[in-house]
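Working notes, beginning with the structure itself.
Not measured: the values here are computed from a predicted model. When a residue number appears, it is its place in the shown sequence, counting from 1.
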Amino acid sequence: MASTSKVDISGEDDDEQLERFDDFTLASSWERFISEIEAVCRQWLADGPNNLLEKGAVKLDFSQKLYKVKMELKYAMKSYNMEYYFETSSGGKIADGNSTLHDLQLCFGVKDFLVIAPQSASGVVLDSPEASKLLSAVAIALTNCSSLWPAFVPVHDPSRKAYIGIQNMGTVFTRRFEADRIGSQVPVRLMHLEGLYELFVSKFAYSTLDFAMHLYKVHFTMTSTYRTIHHDDDDLQSLGIEKEEYGDNHGSETRSRSQWDDDCPWSEWYSAEDPVKGLELTATWSEKTVESSLEMAELENASPHEAEKWMILPFLSPNLDSSEGNRIGFASQLRLLVDALNMSFDAQFMEDFVSVENPGSDNLKSSMIVPPPTVLDRVFKDLFHEGSQVAAFAKGEHKISRAIKGAPFGSLFAQFCLHALWVGTCNIRAIAVLWIEFIREVRWCWEESQPLPKMQANGSIDLSTCLINQKLQMLAICIEKKCEMNEDFQDCVGSNEHTYDHMEEDSPVGDKTTNKQKHGDEFDGIQDSPLTKDGLHGSGTTTTSRRSMKHGDSLSTDLKSSDHNRRGSAGAVGSMQLLKSYKSMHAPFTQDAPLMTEDMHEERLQAVEALGNSFSFSAQLEKDILSSDMSAFKAANPDSVFEDFIRWHSPGDWENDDNKESGASKSPVTKGLKDDWPPHGRLSQRMSEQGNLWRKIWNDTPALPVYEQKPLIDPFREGEKILHYLETLRPHQLLEQMVCTTFRVSADTLNQTNFGGLKQMTTKMEQLYRTMASTLKPLQTNHVSGNSETIEDLRRLCVIFEHIEKLLTLASSLHRTFLQAPRLSETIFTDYYNFYLPRMGTGSPGSLEVDEKEFDVKYQVMARERQCVSNMFTPPTANQSWRKVLSMGNLLNGHEPIVREIIFSVRDSLRNNHYAAHNPRGFQREIETYRMYICGTSNDLRVALSVTSCD
């Protein structure tokens, strides 16, 4: 019994001892945490960059080559994120300067790395023991994987951007990392290169008493970043006021401040925001070896022009790729004009939009701004009183511009349309007020016989333009004819008494009666209607005025009494002679063909078609002109016959017969003439037919010189008809022609922009003209109704127009900014053009991701381009608040760097090193034992140190 109880007692003791036993074959939570890290790292190592990309690695927004994958881990009731950052296709080197690097890559010069951080709001480890334990766990896991990845843990306050890190170098060497930041006032000593050099040397020097006495071979490289002064666009903030108070700002000759686009073609209408907001220049010095702080003091005074490499980053306006539509330009106003066109179908006349009796006028008044009288005075002063000379219409037009049926660039109606864009808010009510005043000014020009400004008063009517422009051109011609009539009338009245006295004294009785009757005929002819601007034109002859032509007739009568019956001759036609009298054939002065606008042609064609006589269609159209020419020919050639007129007017209807020779003897009158005279020939078949209309007109036409004929056009009647058309024009017909004209002249205005040799812009402008021509075609056929598909097409056209306008503005700004460095302007524009294409709807589907990014491409500056870039950094003025005290050196035209990045490093050889393995003879390897990255300004300094040690 005793033994049994003893055994039991001993068994109880054994159980107690077993309960207190620690089994070290079971992993602790920390060891399991290391194991989890190791498993994840082995998986990432095995996958490699390519497989990681396929498994969903995320590309960083600021870099083109840097990706990351992450894994969530848990330890001690806390969650952590472990992120692996890796690059692709960089050949084992850090990415070039044009690829933005990660912060840790800049600080420590690493390529691929790990970051482990807690899942918390701050994302940093505030407890130092916890940070050391995390770093140790990752370091053990990476060593087990035989991985050389550096690992980092964020510590301290997030604003300090502090890190600690470690890296296994694959040998007995270990590299440790530490980074921190001073966010307050930086000590003056650390603002200068000399003080920063001493800071670095203090990390490995034995004594800090006198750094100048010790020579350390420190490798040094520096990058300084400069930024041009940003000019605030205060003048552009008032653009909304300019639109409403058009008269107070538009067209002002003096401005408080010059604009960047003062010499651009659109500056007459609006001031565009400069798309190139500024420039950032990065100057990089090549690596140097310095041995004392005195050398650093000398380097601080070095000019940026001594730097090895220059890179620029243009800052472009965010409004360039903004789709909010708040940009002021032609496109924004064209949208408003399209809205006005959509509303124009609600009334019969333009006066209805401003009439107080209109039921909807109250809504119009409350929602639509009407320009004040001062604005109207300024507009019409520009249209009718300033620069009223005839513009060179074809000067600024694109070759495809004429495919759009609108008024030509620089014409009166084109200028009216451009003014209408910027009056009020380009609403239908403001346009109605402007149009009514426009018609009043045009009528005043007509009634006062004043030339119509910006319109050609000669030549033919350009039927390729809109109908309003045709009417205004014809009205200008009618006014010119009216002026000629007034001049001739005054001349006749003033010389009437002198003419009668001269005839009574010097002329025979018979001649007196003839001359008196002649002057009476002239007086009646002038009173009926005037001739054209130059009076007359001859077929194959020069044009002369009416009075000089009559004076030539009187001289011809005095010198050649045998030809006293010849009137209205412009001179002999070579050696041609009349068939019957064998006298020289004279070409007559003839009237210009009657000018007709497009609607007049249509009316005349409809009238002829109504007669149903298609055979005489051409003859009927030309009967009035033909009758006038025959009368003038008869007066210039009294002895002529119908065949003579055909030989002169229509040589194709005279068939020569060269085989027949005349055997009859020559009459005395033909002595001295060539043997082939008279010519043997006959009229063509159509002229020889019985009842030929031409012969009938010849027989019925009297012999009258053109100054005794009734003019083919009555300027009084045609002028009044034109004014009636303008005054009763339907609103939608006016707006349709305004839309076509405004799109055309707006594009022509932009087409005059000087943007250098950018082929993309030339191509886009040509595409814009073709798109406008096809989209505006329904407006030219009057097939538009309110809220139709055409209105939506016009709104889409405004969007396209805005895209082109933005690109053109950028092209112009880049061209003038880099005028002496065209390669840079072309390269920057090409890259931005490709970046902007997806926003225009013309990019490939794979490039749509660009929409989420900003344009931030850096460009290397060649040696010959440095002076051009340097000139952009204008010396700062004394009143600029940012330039208080110059704290750092390396000034560029008085500008100190906005940030300076410096890298110090010391390298040591592994040969004969106590800890290094035995190396073959002749083999020597250097290792970077100390490296310090310094980045900052006078108010901000960040320091990152990496130290390689033998552990």
Side-chain angles (χ1 to χ4, degrees), residues 243 319 321-348 350 353 360 363-364 367-368 400-401 403-407 417-418 420-422 424-432 435 466-468 729-750 764-808 836-843 845 848 851:
K243 289 172 61 181
N319 293 330
D321 54 356
S322 173
S323 59
E324 297 177 359
N326 55 357
R327 183 181 184 275
I328 299 299
F330 282 126
S332 63
Q333 304 307 109
L334 286 169
R335 286 193 187 94
L336 301 176
L337 185 62
V338 172
D339 293 339
L341 169 63
N342 194 31
M343 295 185 63
S344 65
F345 296 92
D346 299 337
Q348 294 294 321
M350 293 301 293
F353 290 106
N363 295 332
L364 291 175
S367 61
M368 298 185 178
I400 315 177
S401 179
I404 304 171
K405 201 175 183 62
C417 293
L418 289 177
L421 285 181
W422 305 97
T425 55
C426 192
N427 58 78
I428 186 63
R429 191 160 176 252
I431 293 174
W435 176 252
C466 64
L467 187 56
I468 293 179
L729 189 62
R730 296 294 179 89
H732 72 90
Q733 293 176 341
L734 170 62
L735 267 296
E736 287 170 1
Q737 298 182 62
M738 284 185 65
V739 168
C740 292
T741 297
T742 309
F743 269 103
R744 172 176 171 173
V745 296
S746 298
D748 285 339
T749 301
L750 296 179
K764 277 298 175 184
M765 285 301 298
E766 184 171 340
Q767 292 175 356
L768 174 63
Y769 276 103
R770 297 187 185 279
T771 304
M772 289 193 303
S774 60
T775 306
L776 298 173
K777 194 171 183 179
L779 299 182
Q780 304 167 16
T781 56
N782 297 324
H783 291 161
V784 183
S785 59
N787 298 316
S788 65
E789 293 183 1
T790 304
I791 300 296
E792 295 303 319
D793 292 340
L794 292 175
R795 292 193 173 107
R796 284 189 287 268
L797 179 61
C798 291
V799 176
I800 298 175
F801 198 100
E802 182 180 16
H803 290 316
I804 304 299
E805 191 173 12
K806 286 181 179 179
L807 290 176
L808 192 67
Y836 192 77
L837 278 182
R839 291 157 175 79
M840 300 181 66
T842 55
L848 292 178
D851 291 346

- Message: Donor-acceptor pair, distance only, cut-off 3.5 Å: does the side chain of S332 make one with the backbone of G329?
- Response: yes

- Note on the structure: So CG of L467 and CD of E736: to nearest 0.5 Å the spacing works out to 11.5 Å

- Query: Quick one: NE2 on H803 to CG on L768, what's the gap to the nearest 0.5 Å?
  - Reply: 11.5 Å

- Query: So I468 and T741, side-chain contact (heavy atoms from CB on, under 4.5 Å) or not? Walk me through it.
  - Reply: CA-CA 10 Å; I468 293 179; T741 297; over 6 Å; no

- Got a sec, which residues hit salt bridge (charged side-chain N to carboxylate O under 4.0 Å, His left out) with R730, two or more places apart in sequence or on another chain? none

- side-chain contact (heavy atoms from CB on, under 4.5 Å) between W422 and F330: does it pass, once the steps are laid out? CA-CA 9 Å; W422 305 97; F330 282 126; 4.2 Å; yes

- What are the two closest non-hydrogen atoms of R795 and N342, and how far apart are they? NH2-ND2, 4.0 Å

- Kindly compute the distance separating CG (L750) from CG (L807), expressed to the nearest 0.5 Å. 11.5 Å

- Message: How close do C466 and A407 get, counting heavy atoms only, and between which atoms?
- Response: SG-N, 3.7 Å

- Task: Evaluate the side-chain proximity of C740 to K405: yes if any heavy-atom separation is below 4.5 Å, no if none is.
- Result: no

- Minimum side-chain heavy-atom gap I804-M840 below 4.5 Å: yes

- With a 4.5 Å limit on heavy-atom distance, are the side chains of K806 and Y836 in contact? yes

- Message: Which heavy atom of L776 sits nearest to which heavy atom of I404, and what is that distance?
- Response: CD1-CG2, 3.7 Å

- Query: Looking at CD of Q733 and CE of M350, how far apart are the two atoms once the value is rounded to the nearest 0.5 Å?
  - Reply: 11.5 Å

- Test item: F743 and C798 side chains (from C-beta on) under 4.5 Å apart, heavy atoms: yes

- Residues that T775 engages under side-chain contact (heavy atoms from CB on, under 4.5 Å), provided they are two or more places apart: T771, D793, L794, L797

- Value for CD1 (I428) from NE2 (H732), rounded to nearest 0.5 Å, stands at 11.5 Å

- Residue set satisfying side-chain contact (heavy atoms from CB on, under 4.5 Å) with Q767, at least two apart, ordered chain then number -> T763, K764

- Task: Look up atom OG1 in T790 and atom NZ in K777, then write down how far apart they are to the nearest 0.5 Å.
- Result: 13.0 Å

- Note on the structure: Sorted by chain and residue number, the salt bridge (charged side-chain N to carboxylate O under 4.0 Å, His left out) partners of D346 (sequence neighbours excluded) come out as none

- Any donor and acceptor pair, going by atom type alone, linking the side chain of Q333 with main-chain N or O of C426 inside 3.5 Å? no

- Indicate the atoms forming the closest heavy-atom contact of F801 with A747, along with that distance. CZ-N, 3.9 Å

- Query: Is the backbone of D748 close enough, under 3.5 Å, to the side chain of Y769 for a donor and an acceptor to pair up by distance?
  - Reply: yes

- Message: Ignoring hydrogens, what is the shortest heavy-atom contact between R744 and S401? Give both atom names and the distance.
- Response: NE-OG, 3.1 Å

- Message: Is any side-chain heavy atom of L341 closer than 4.5 Å to one of L779?
- Response: yes

- Item | Contact summary for F353 and M343, nearest pair of heavy atoms | CZ-O, 3.7 Å

- Step by step, would you call S344 with I431 a side-chain contact (heavy atoms from CB on, under 4.5 Å)? CA-CA 10 Å; S344 65; I431 293 174; over 6 Å; no

